[in-house]
Structures are given as C-alpha cells and as structure tokens.
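Taking it in order: structure first as structure tokens, then the write-up.
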Amino acid sequence: MLARSATIFKWTLYTLAGLIWVVVQAAFLQRVTIWGVIPFLYPLIAALPATFEGPAAGTVYALACGVFCDLLLPSPIPCFYTLILPLVGLAAGLLSQSLIPAGYLCSAAAALPAYLLTGIFHCIVLWAQGHPAWGAAMSVTLRELCASLLWSLPMTWLFRRVYLRVHVDD
C-alpha cells in the first residue's frame with residue numbers, strides 16, 4: 001500500500017504520461033492518415049495504465065480520461081467518452097489480471113477490446129439517432145485499431161516506466 005503522497009505522485013506521473021500522448025495526437029497524428037483514418041490514441045491512453053494498475057484503479061483512471069476527452073473532443077452524444085472509457089479501463093485491467101501479464105503483449109491485446117467497445121458504442125449511438133451505419137462504423141473502428149496498434153509499443157514503454165518508477169518496492 002502506497003502512502004498518500006506516493007499515490008498522488010504515481011497518478012500525477014500517469015497523467016503526465018497520458019498528456020504526452022495527447023500532445024502527440026494533437027500535434028502530429030492529426031496530420032497523418034493511414035488507410036483513410038488518423039491514428040486514434042485516446043482508447044489506448046485509457047487502457048494501457050489499467051493493464052499495469054489493475055481493474056479498479058484502471059477504471060478510475062479511464063473515467064478521468066473519459067471526462068478529459070469529453071471536454072476536448074467532439075462526440076456524437078454528451079459524455080460519450082465518460083461512459084465508454086471506464087469500460088475500456090475495466091476490460092484492460094481484467095485482461096492483465098487474469099489472462100496476460102502486463103507488458104507489450106498485454107497492451108496489444110488490450111487494444112482490441114478498447115477499440116471494439118468504443119466502436120460498438122459509437123454504432124449504438126448512431127443507430128439510436130436513426131443512422132444504420134454498423135458496417136461503415138465498424139470498418140472505421142478496425143482501421144483505427146490497425147493504424148493505432150503500432151503506437152501501443154512506445155506508449156507501453158512510457159507507462160511501464162511510470163509503473164516501475166512508482167512500484168520500486170513491490
């Protein structure tokens with residue numbers, strides 16, 4: 001169990017690491033198109049720390065990421081990312097806790113439910129608004145996953161460095 005100051009330090013480091021990737025997304029990746037989509041790092045920003053910290057802490061971190069994304073990004077409904085990113089964090093945390101130990105392979109595996117949950121929820125929102133776009137939206141989701149998957153490697157490296165820095169005594 002970490003002391004309160006160590007816990008604050010840990011989540012500050014995770015937040016700064018996440019903000020680095022937000023800046024990469026906004027400054028660089030917005031101008032890159034691969035297979036007709038831009039790499040979309042926000043689901044990975046929510047999922048990857050959860051693979052290291054577990055389902056409970058990862059879900060809370062992903063909830064904070066969702067609130068941040070809803071303030072930053074346009075979305076089809078209010079609170080879109082606040083609703084879906086905690087599920088992404090929970091899925092990633094459960095995956096690392098029960099199936100694949102946290103690391104590069106787990107991060108790549110956690111990307112799949114992260115993008116699928118986001119894409120399926122987007123499809124449901126479109127369907128509820130009267131736009132039957134399941135095929136097109138899932139195609140975009142698959143292309144975003146493929147375009148963003150390579151970015152999970154440097155992102156995992158950075159989040160792993162944070163984890164190793166704050167969990168020295170574990």
Side-chain angles (χ1 to χ4, degrees), residues 6-93 95-96 102-104 106-122 125 137 140-167:
T7 302
I8 292 169
F9 180 69
K10 172 177 80 169
W11 290 111
T12 301
L13 286 180
Y14 274 120
T15 301
L16 291 174
L19 287 175
I20 288 171
W21 296 113
V22 168
V23 170
V24 168
Q25 174 78 50
F28 174 67
L29 293 180
Q30 290 296 110
R31 292 159 180 73
V32 175
T33 303
I34 302 170
W35 297 307
V37 296
I38 61 170
F40 186 60
L41 301 183
Y42 297 107
L44 291 175
I45 294 170
L48 297 187
T51 63
F52 293 104
E53 293 297 330
T59 301
V60 173
Y61 177 82
L63 175 66
C65 286
V67 170
F68 178 77
C69 287
D70 279 325
L71 294 173
L72 185 67
L73 303 171
S75 58
I77 62 169
C79 300
F80 178 84
Y81 295 104
T82 303
L83 293 172
I84 198 61
L85 289 185
L87 293 175
V88 167
L90 178 64
L95 178 71
S96 71
Y104 294 104
C106 183
S107 295
L112 181 64
Y115 285 94
L116 282 178
L117 286 169
T118 306
I120 288 170
F121 191 62
H122 192 248
V125 169
V140 169
T141 298
L142 180 63
R143 289 183 286 150
E144 280 180 347
L145 170 66
C146 293
S148 305
L149 195 57
L150 188 58
W151 285 95
S152 72
L153 295 174
M155 291 176 77
T156 301
W157 178 84
L158 183 60
F159 286 123
R160 184 173 183 271
R161 296 284 301 171
V162 169
Y163 177 79
L164 293 175
R165 169 72 173 95
V166 297
H167 290 278

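On a predicted model such as this, the values are computed, not experimentally measured, just so you know. All heavy atoms count here, side chains included; hydrogens, waters and symmetry mates do not.
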- Task: Mind checking ring pair (Phe, Tyr, Trp, His ring centres under 6.0 Å) for Trp11 and listing every partner two or more places apart, or none if nothing turns up?
- Result: Tyr14, Tyr61

- Query: Tell me, do Leu145 and Phe40 make a side-chain contact under 4.5 Å, heavy atoms counted?
  - Reply: no

Would you tabulate the side-chain donor-acceptor contacts of residues 65-73 under 3.5 Å, counting partners in other chains and residues two or more places apart, or write 'none'?
from, atom 1, to, atom 2, distance (Å)
Asp70, OD1, Phe80, N, 3.3
Asp70, OD1, Tyr81, N, 3.1
Asp70, OD2, Tyr81, N, 3.4
Asp70, OD2, Thr82, N, 2.8
Asp70, OD2, Thr82, OG1, 2.5

- Among residues two or more places apart or on two chains, list those pairs meeting salt bridge (charged side-chain N to carboxylate O under 4.0 Å, His left out) that have a residue in residues 24-47. none

- Taken to the nearest 0.5 Å, the spacing of Tyr42 OH from Leu44 CG works out to 12.0 Å

- Message: When you measure from the side chain of Ser148 to the backbone of Leu41, do you find a donor-acceptor pair of N or O atoms at a distance under 3.5 Å?
- Response: no

- Would you please name every residue forming a side chain to side chain contact (heavy atoms under 4.5 Å, CB included) with Ala109, sequence neighbours left out? Leu95, Ile100

- Query: For Gln25, what residues pass the side chain to side chain donor-acceptor pair (under 3.5 Å) criterion, not counting sequence neighbours?
  - Reply: Gln30

- Item | Sequence-distant partners of Leu90, side chain to side chain contact (heavy atoms under 4.5 Å, CB included), two or more places apart | Pro55, Thr59, Leu94

- Item | Distance (rounded to the nearest 0.5 Å) between Ile20 CD1 and Thr15 OG1 | 11.0 Å

- Query: Can you tell if the side chain of Leu13 reaches within under 4.5 Å of the side chain of Arg165, non-hydrogen atoms only?
  - Reply: yes

- Minimum heavy-atom distance Ala102-Cys106, with the two atoms named: CA-CB, 3.9 Å

- Message: To check you understand the geometry: which heavy-atom pair defines the closest contact between Ala110 and Pro113, and what is its length?
- Response: O-CD, 3.3 Å

- What's the shortest heavy-atom distance between Ala108 and Leu149, and which atoms? O-CD1, 4.0 Å

- Polar side-chain atom of Ser96 near backbone of Thr51 as donor-acceptor pair, under 3.5 Å: yes

- Query: Who are the side chain to side chain donor-acceptor pair (under 3.5 Å) partners of Ser107, not counting sequence neighbours?
  - Reply: Thr156

- Query: Would you say the side-chain atoms of Arg143 pair up with the backbone N or O of Trp35, donor to acceptor, closer than 3.5 Å?
  - Reply: yes

- Message: If you compare all heavy atoms of Ile34 against all heavy atoms of Pro39, which two are closest, and at what distance to 0.1 Å?
- Response: CD1-CG, 4.1 Å

- Contacts of type ring pair (Phe, Tyr, Trp, His ring centres under 6.0 Å), residue Tyr115, not counting sequence neighbours: none

- Note on the structure: Applied to residues 49-59, the salt bridge (charged side-chain N to carboxylate O under 4.0 Å, His left out) test, sequence neighbours excluded, yields Lys10-Glu53

- Task: State, yes or no, whether a side-chain contact exists between Thr141 and Thr118 at a heavy-atom distance under 4.5 Å.
- Result: no

- Query: Mind checking what makes side chain to side chain contact (heavy atoms under 4.5 Å, CB included) contact with Leu117, not counting sequence neighbours?
  - Reply: Ile84, Leu87, Val88, Ala91

- Qualifying residues under side chain to side chain contact (heavy atoms under 4.5 Å, CB included), relative to Arg161, sequence neighbours excluded: Trp157

- Least distance between heavy atoms, Leu158 atom then Trp21 atom: CD2-NE1, 3.3 Å

- Separation between CH2 of Trp151 and CD1 of Ile45, rounded to the nearest 0.5 Å: 11.5 Å

- Search all heavy atoms of Leu48 against all heavy atoms of Met155 and return the closest pair with its distance. CD1-CB, 3.5 Å

